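Below: one structure, written as structure tokens.
Computation of the quantities below employed the complete heavy-atom set of this structure, encompassing side-chain atoms and omitting hydrogens, waters and symmetry-equivalent molecules. Keep in mind that what you see is a predicted model, and the values were worked out from it rather than measured.
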Amino acid sequence: MQGIHQLLQNKVLGVAILCWFVAQTLKVIFTIIIDRRFDFTRFVGSGGMPSSHSSFVIGLANSVGLTEGYDSTIFALSLVFALVVMYDAAGVRQSVGQQAVILNQLFDMSDKQSKVWRDYDKLKELVGHTPIEVFFGALLGIILSTVLI
């Protein structure tokens, strides 16, 4: 019980989770404004504006820096972790999404009963982020963590 109580009292973790939640909520709002439709999957899905991955990890790193000091080892660790996650979100995962678009086009043009495609569904295309989505996610994380810590 004490461990759960301590976890719930962890302000740095709470702020990081709030950064993720706000970013995911903004995705739903932007979908309503831009596409004029409510899509709940935008709340739990990856990809889109702003990057909740970036908001989450930069919110965490900035919160650690504000509470433990920007010269602390734990801040350095959390910042390196954040940079790796953001690089992955904008680089590797963005490429995966682009490849999914091409594979889905091949799937649409093919005989879906052939042995090659029989056991597969269309791939999720919105997987990664553009650099601007990562930037605004990080900016959101910095702003929220600075205000809340």
Give, for atom [atom1] of [X] and atom [atom2] of [Y], the distance between the pair rounded to the nearest 0.5 Å.
X	Y	atom1	atom2	result
Ser51	Ile132	OG	CD1	12.0 Å
Ile29	Phe43	CD1	CZ	10.5 Å
Met86	Phe56	CE	CZ	14.0 Å
Asp88	His53	CG	NE2	8.0 Å
Phe75	Asp71	CZ	CG	10.0 Å

Show me the side-chain donor-acceptor pairs of residues 60-67 shorter than 3.5 Å, one per line, residues at least two apart or across chains.
| unit_1 | atom_1 | unit_2 | atom_2 | d |
| --- | --- | --- | --- | --- |
| Asn62 | OD1 | Tyr70 | OH | 2.6 |
| Asn62 | ND2 | Ser145 | OG | 2.8 |
| Asn62 | ND2 | Thr146 | OG1 | 2.9 |
| Ser63 | OG | Gly59 | O | 2.7 |
| Thr67 | OG1 | Ser63 | O | 2.9 |
| Thr67 | OG1 | Val64 | O | 3.3 |

What closest approach, in Å, do Ser54 and Ala138 show between heavy atoms, and which atom pair accounts for it?
CB-N, 3.6 Å
Nearest heavy-atom neighbours spanning Glu133 and Met49
OE2-N, 3.7 Å
Any link between [X] and [Y] through a network of hydrophobic side chains (Ile, Leu, Val, Met, Phe, Trp, Tyr) touching at under 4.5 Å?
X	Y	answer
Ile58	Val84	no
Val57	Leu77	yes
Tyr87	Val134	no

What pairs of donor and acceptor atoms, side-chain ones from residues 5-22 against any protein atom, are under 3.5 angstrom apart with sequence neighbours left out?
| unit_1 | atom_1 | unit_2 | atom_2 | d |
| --- | --- | --- | --- | --- |
| Asn10 | OD1 | Val12 | N | 3.1 |
| Asn10 | OD1 | Leu13 | N | 3.0 |
| Lys11 | NZ | Leu148 | O | 3.1 |

Hey, mind stepping through Phe40 and Val28 against side chain to side chain contact (heavy atoms under 4.5 Å, CB included) and telling me if it holds?
CA-CA 7 Å; Phe40 181 76; Val28 173; 5.9 Å; no
Name all residues meeting the salt bridge (charged side-chain N to carboxylate O under 4.0 Å, His left out) criterion together with Asp35; count only those two or more places apart in sequence or in a different chain, and write none if there are none.
Arg37
How far apart are the C-alpha atoms of Leu26 and Leu140, what are their side-chain angles, what is the distance that settles it, and do they pass the side chain to side chain contact (heavy atoms under 4.5 Å, CB included) test?
CA-CA 11 Å; Leu26 285 172; Leu140 178 64; 3.9 Å; yes
So which pairs with a foot in residues 130-149 pass ring-ring contact (aromatic ring centres under 6.0 Å, His included), sequence neighbours left out?
none
Name the residue from Ser52, Pro50, Ser55 that meets the side-chain contact (heavy atoms from CB on, under 4.5 Å) definition with Gln24.
Ser52
